[in-house]
Amino acid sequence: MRIAHTAAELTEFLRGVGSVGFVPTMGALHEGHATLLRQSVKENGATVLSVFVNPTQFGPGEDFSRYPRTFEADCALAEAAGVAVVFAPAAEEIYPEGWSTYIEVENVSAPWCGRFRPGHFRGVATVVHRLFSLVRPTVAYFGLKDLQQFLVIQRMVRDLRIPLRVEGVPTVRESDGLALSSRNRYLSAEERFHALVIFRSLSAVKSAYDGGERDVSALLAKAGAVFAEVPEFKVQYAEIRSLPDLGEIPRVEGEAAFAVAGYLGKTRLIDNIILRS
Ligand code: AMP
């Protein structure tokens with residue numbers, strides 16, 4: 001496994017490798033990231049993992065400066081997964097002096113996290129586009145844990161006709177249902193326990209849906225009853241929207257998703273479940 005810190009090294013290491021699978025991350029890797037990496041390794045000639053805590057996707061007061069940085073452990077996990085190249089650029093490599101160009105994906109960026117994290121998806125789309133242009137992958141892998149991010153990237157790739165395939169990988173969970181997240185390490189034991197309310201709310205909505213309920217208010221009422229049991233979890237949003245456009249819907253007719261975001265103490269967690277028959 002090679003480690004590239006500059007775009008020039010990256011290009012050199014990727015010369016003649018065939019199809020390139022790409023997994024962009026902010027590091028602090030866990031089994032969710034490992035799952036993306038293993039899928040990429042299986043499907044491509046070489047896999048590139050990027051580790052870059054992207055400043056432009058954090059808002060003021062968010063956790064940019066305290067985001068966990070565990071580069072040694074990330075490299076060990078990457079090597080075990082079969083990664084060919086770890087791309088770990090400095091901020092100036094991604095955003096050279098005077099950088100002034102940003103990508104705004106409208107509509108799908110607006111609801112859910114977009115409402116509460118202004119500029120977040122602009123930062124995500126910009127850095128992913130920049131990384132795509134440096135890595136030039138054949139396939140890029142994104143976790144459905146960050147469903148809205150996946151939809152934003154998918155839209156950007158279609159709109160800009162970027163020649164690559166975007167793969168969505170199902171959410172990897174702990175045995176009790178909590179979605180793996182680099183931010184889970186911020187949780188105290190008590191918060192970790194309360195965090196189970198998120199998966200319980202997803203399960204309540206899913207089982208009502210599986211039982212034939214299609215009315216969005218009725219489905220959300222199931223989640224509301226679950227949240228009421230754990231007042232420590234401060235819900236930011238809990239909404240059902242259509243896929244892939246994230247439109248507002250009164251009933252679930254085609255594909256839709258139920259997404260939740262909220263706080264346990266200072267830690268913001270998100271999760272979602274796709275509703276399809
Ligand atoms: P991150 O660096 O954690 O923001 O995410 C890097 C990539 O890993 C994104 O495509 C995430 O959606 C994906 N990812 C993070 N957690 C999980 C998970 N629990 N299951 C599947 N993919 C995940």
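We count ligands from 1, going down the list as the structure has it; atoms in each ligand are counted the same way.
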Can Val105 be reached from Val166 by stepping across I, L, V, M, F, W or Y side chains whose heavy atoms are under 4.5 Å apart?
yes

N-O pairing of Asp176 and Arg192 below 4.0 Å:
yes

Leu219 and Asp215: side-chain contact (heavy atoms from CB on, under 4.5 Å), yes or no, with the steps?
CA-CA 6 Å; Leu219 289 166; Asp215 181 76; over 6 Å; no

What part of His33, side chain, backbone, both or neither, has a heavy atom within less than 4.0 angstrom of ligand 1?
side chain

Taking non-hydrogen atoms only, is Arg173 closer than 4.0 angstrom to ligand 1 via side chain, backbone, both or neither?
neither

How far is atom 4 (O) of ligand 1 from its nearest protein heavy atom, and which residue and atom name does that atom have?
Met26 CE, 4.3 Å

Protein residue, atom and distance nearest to atom 11 (C) of ligand 1, heavy-atom basis
Asp146 OD2, 3.1 Å

Derivation and outcome, side-chain contact (heavy atoms from CB on, under 4.5 Å), residues Glu253 and Ile249:
CA-CA 9 Å; Glu253 310 283 2; Ile249 44 169; over 6 Å; no

Side chain Glu255, main chain Leu275, donor-acceptor under 3.5 Å
no

Treating Ser19 as the side-chain partner and Gly45 as the backbone partner, does any N or O pair qualify as donor plus acceptor under 3.5 Å?
yes

Distance filter under 4.0 Å to [X] heavy atoms, resulting ligand 1 atoms:
X: Pro24; value: 6 (C), 7 (C)
X: Phe142; value: 10 (O)
X: Thr25; value: 2 (O), 6 (C)
X: Leu180; value: 16 (N), 17 (C), 18 (C), 19 (N)
X: Thr171; value: 20 (N), 21 (C)
X: Gly143; value: 9 (C), 10 (O), 11 (C), 12 (O), 13 (C), 22 (N)
X: Pro170; value: 21 (C)

Side-chain heavy-atom pair Leu264, Leu187 within 4.5 angstrom cut-off
yes

pair Val127-Gln57: side-chain heavy atoms closer than 4.5 Å
yes

For Leu269 and Asn184: C-alpha separation, side-chain torsions, deciding distance, then whether side-chain contact (heavy atoms from CB on, under 4.5 Å) applies.
CA-CA 8 Å; Leu269 298 177; Asn184 289 352; 3.5 Å; yes

Any N or O on [X] sitting closer than 3.5 Å to an N or O of ligand 1?
X: Leu144; result: no
X: Ala179; result: no
X: Leu36; result: no

Result for side chain to side chain donor-acceptor pair (under 3.5 Å) between Tyr141 and one of Glu43, Arg165, Glu167, Gln39 points to Glu43

If you measure from atom 21 (C) of ligand 1 to every heavy atom of Val172, Asn184, Asn54, which option wins on shortest distance?
Val172

Name the option, out of Glu31, Gln57, Lys145, that contains the heavy atom nearest to atom 23 (C) of ligand 1.
Lys145

